[in-house]
Amino acid sequence: MNTICNIRLTPEKVVENGLNFGIPIYQRLFAWDGKQVYRLMDNLYQHYKSHQYKDTPYYIGALSCVRLNNRYDLIDGQQRMTVMCLIGIAVNKDYKFQSSWGKFLSKGDRLHFIARSADSSYFQGRILGQVNGSKPNDLMEEGISTVDGFLQNQVDSELRGDFCQWIFRNLSFFISILPSSYEGDKNLLNKYFENMNVGGKGLEEQDILKVQLIQGQPHQRDLIRIWNTACDLSQKAIKLQANESASSYAEKYRQAISLCRKGDIKAAMDMCIGSYEEDDATTIGEILPIPDENEKSYDTPRNPSLISISEFLLMVLDLQNYNENVQNKESFYEQQLLRAFSDEIIHSLDIPKFYEDILLYRLLLDYYFISLEREDWGLNYDLVLYSDEKEKMARCRQFEAMLYVSDTPLYHWITPLMHKLKNEGDIDADKLLDELKALDRKYRGGVEYDHLFFPEVKVYWFRRLEYLIWENRKELFKQDEHSLAVADDYIFVSNRRSREHIIPQTPKSESNLRWDDSDEDTAIRNSFGNLVLISSSLNSKLSNESYDVKKAYVQSYQKRSMGGAIESLSLLLFHTKFPDLDRDNMRDYIKEYGSFTYNDILKKSF
């Protein structure tokens, strides 16, 4: 059957040759979202409609396999093979198993999800029209709906049947079969990926580590379930159900964390999603770590977690014998995973306990630390921790966002807080905020006013000030409801790194607010009271613009004529406090504002 390497394969050719495929346990779950599936369908349709390409195959690359008896296990290409099946399900929604696409689906036998009984049950049920009782795979369901929606809404009705048959005959790929000598030899397999020309890449370190840690361990499937759940940072470990309240969702996390603390890992795992399940498939000892596919032309979802998989695993290792001394932490967290997890270190670990810690720390990460939620309108932050007082949750969320955009190393706040959470138990929103502030003070210390002058002033102090203005917004803007509403909507964004003068030295447009060339004016102009932090894009628009232009920028938010969130609360506060600024009082106001923001706001947080 290796002759299949020499022919162009299509769904039609797969049926003719009686080929069946498997997706091994080490492969990631199906990851294409609706946008990616839609883009593929649109490309296919444009290709189909073109007279130039009407009879030309549409290639989706090569699939790499290892032959196992009468099945081909996909080493690279599982996303593409899965989406082919989803197209078949959408087209064959009348369950006509003697139709072309019905034969391709083969009643669910064409593609086997090894050691994933939930996905296998859902997939076969979807093909047979028997989904009752099956746990749905949300991304697969989205993919099927996307294909069906595209066919109904984008394809001319008179072309629909012919287009589906065209995909069946022309959606083309090749198969590359690895020699049998590659099975069981991760070095040969890795070298193959490094040299292949179909978008492959070297083995990911975490995939190699996953196998190294469980070698010789009992209950390996339980361990790999924990790993796959805890190290999948693309989603929360516990699923938020439709219409579920925030308090109910938070309670699930508290229960799962409590179960972990009591040692009932199985019960905690049963509350989680995304773990692979047992089946009669490959033994763990035969599993080889495989990289994620590099799907050409399709974007993959960005990681919503504050930290990477590598950072998470290094943190768990650091916490095994935690030392508060941060002297060598930077080099520790910058090292490669396989260097940190040397053979000596692995042999010294209590592996079952290490895996229990992986799950506990992952649940704590989800519950107590923000995740990045990318909405259509921009970035938002989500926090599972719940309190009946929304302001308390909001303060934790905003302070963590401030630490995040300030590039605060995780070993200065996340790691020590994790250590405290594990050893001292759960805390509420008030205590969390206190701990976060204490850790930040310990790391940043304080700053003298003389060190807040342009250009030496560090970006961090503006961000600390922005948080404090937001935290005290109800008091600071109590006389101006419009400014208070603007402050309520403030969001921390990491691209705000440009220090802009409120009143510039040489404004572009006509303005009465101009500085003299004296040393005194230079000092006032470059002082903290005349500086705000904004993004480079806004800086390019406002740089050296007159005070009136910047005032109009603030007023556009106050009047709600500008959408989104204002970039600087300090700029908003300045304009709110000094609405009558003019050439005669500008120096006094700048000095007064600098003294106020430093002594009455910033300094009190040291």
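Residues forming a side-chain hydrogen bond (donor to acceptor under 3.5 Å, both in side chains) with R169 (at least two apart in sequence, or on another chain): none. For the salt bridge (Lys or Arg N to Asp or Glu O under 4.0 Å) test, no residue two or more places apart in sequence or in another chain qualifies with K541. Contacts of R160 classified as side chain to side chain contact (heavy atoms under 4.5 Å, CB included), with partners at least two apart in sequence or in another chain: L151, Q152, V155, S157. Among residues two or more places apart in sequence or in another chain, the ring pair (Phe, Tyr, Trp, His ring centres under 6.0 Å) test is passed with Y361 by none. Every side chain to side chain contact (heavy atoms under 4.5 Å, CB included) that D156 has, sequence neighbours left out, goes to Y45, E158, L159. Looking at residues two or more places apart in sequence or on another chain, you find a side-chain hydrogen bond (donor to acceptor under 3.5 Å, both in side chains) between Y490 and E466, R496. A250 meets the side chain to side chain contact (heavy atoms under 4.5 Å, CB included) test with R254, Y367, V384, Y386; sequence neighbours excluded. Here N92 pairs with S99 under the side-chain hydrogen bond (donor to acceptor under 3.5 Å, both in side chains) rule; sequence neighbours left out. For F21, there are no ring pair (Phe, Tyr, Trp, His ring centres under 6.0 Å) partners at least two apart in sequence or on another chain. Shown here are the salt bridge (Lys or Arg N to Asp or Glu O under 4.0 Å) partners of D42, two or more places apart in sequence or in another chain: there are none. N20 meets the side chain to side chain contact (heavy atoms under 4.5 Å, CB included) test with R110; sequence neighbours excluded. With sequence neighbours excluded, the residues satisfying side-chain hydrogen bond (donor to acceptor under 3.5 Å, both in side chains) with T408 are R444.
Atom CE of M315 sits about 4.5 Å away from atom CD1 of I307, to the nearest 0.5 Å. E373 contributes atom CD, which lies 11.5 Å from atom OH of Y381 (distance to the nearest 0.5 angstrom). Note: H112 NE2 to S120 OG = 5.5 Å, rounded to the nearest 0.5 Å. Here CG of L40 is found 9.5 Å from CE of M84. Values are rounded to the nearest 0.5 Å. Note that CG of L209 is 12.5 Å distant from CD of Q336, once rounded to the nearest 0.5 Å. The CD atom of E142 sits 10.5 Å away from atom CG of N137, with the distance rounded to the nearest 0.5 Å.
Using a 4.5 Å heavy-atom cutoff, the side chains of L313 and C231 are in contact. Using a 4.5 Å cut-off on side-chain heavy atoms (C-beta onward), E400 and R397 make no contact. When side chains are defined from C-beta on, V493 does not count as touching V405, because their heavy atoms never get closer than 4.5 Å. Contact annotation: the side chain of N43 never approaches that of H47 to less than 4.5 Å [non-hydrogen atoms, C-beta and beyond]. For the pair Y355/I214, a side-chain contact is recorded, criterion being any heavy-atom separation below 4.5 Å from C-beta on. Considering only heavy atoms from C-beta on, L385 stays 4.5 Å or farther from Y253 through its side chain. For the pair C272 and L363, the minimum side-chain heavy-atom distance is below 4.5 Å. The closest side-chain heavy-atom distance from E244 to K252 is below 4.5 Å.
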Item to check | Residues M81, Q78; criterion side chain to side chain contact (heavy atoms under 4.5 Å, CB included); working and verdict | outcome: CA-CA 5 Å; M81 178 56 70; Q78 69 106 334; 5.7 Å; no
Item to check | Verdict with reasoning, T146 to M41, per side chain to side chain contact (heavy atoms under 4.5 Å, CB included) | outcome: CA-CA 9 Å; T146 299; M41 292 299 297; 5.7 Å; no
Item to check | CA sep, side-chain torsions, deciding dist, call: S308, S310, side-chain hydrogen bond (donor to acceptor under 3.5 Å, both in side chains) | outcome: CA-CA 5 Å; S308 67; S310 178; 4.9 Å; no
Checklist entry - What do the steps show when you test L533 against S568 for side chain to side chain contact (heavy atoms under 4.5 Å, CB included), and what is the final call? => result CA-CA 6 Å; L533 191 71; S568 173; 6.0 Å; no
Checklist entry - Under the side chain to side chain contact (heavy atoms under 4.5 Å, CB included) criterion, do W227 and L213 qualify, and how do the steps go? => result CA-CA 10 Å; W227 179 283; L213 287 172; 3.5 Å; yes
Item to check | Working for side-chain hydrogen bond (donor to acceptor under 3.5 Å, both in side chains), residues N170 and Y48 | outcome: CA-CA 9 Å; N170 291 281; Y48 162 78; over 6 Å; no
Next on the checklist: Walk me through whether Y122 and E141 qualify under side-chain hydrogen bond (donor to acceptor under 3.5 Å, both in side chains).
Outcome noted: CA-CA 10 Å; Y122 161 78; E141 192 66 32; 2.5 Å; yes
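Of the possible donor and acceptor atoms, none in the side chain of D148 sits under 3.5 Å from a partner among the backbone N and O of I144. Counting only distance, with no hydrogens or angles, the side chain of S106 and the backbone of D109 share no donor-acceptor pair below 3.5 Å. At least one donor-acceptor pair under 3.5 Å links the side chain of R362 to the backbone N or O of T229. For R126 (side chain) and I89 (main-chain N/O), no donor-acceptor pair under 3.5 Å exists by modelled atom type. Looking only at distances, a side-chain donor or acceptor of S556 sits under 3.5 Å from a matching main-chain atom of Y553. At least one donor-acceptor pair closer than 3.5 Å links the side chain of N228 to the backbone N or O of I224.
For the pairing with I87, the side-chain contact (heavy atoms from CB on, under 4.5 Å) check across F168, F150, F104, W101 returns one residue only, W101.
Among all heavy-atom pairs drawn from A340 and L317, the shortest one is O-CD2, 3.8 Å. Nearest approach of S100 to Q165, heavy atoms of both residues: OG-OE1, 2.6 Å. The nearest pair of heavy atoms linking G108 to I127 is CA-CD1, 3.5 Å. Across all non-hydrogen atoms, the minimal contact from Q36 to A31 is OE1-O, 3.7 Å. In this structure, A256 and I238 approach most closely via the heavy-atom pair CB-CD1, 3.8 Å. Residues Y333 and E311 share a closest heavy-atom pair of CE2-O, 4.1 Å.
Residue R560 qualifies as enclosed at atom CZ: its count of foreign heavy atoms under 6.0 Å is above 12. Around CD of Q241, the count of heavy atoms belonging to other residues, nucleotides or ligands within 6.0 Å exceeds 12.
Residues S535 and S537 have side chains that bring a donor and an acceptor to within less than 3.5 angstrom of each other.
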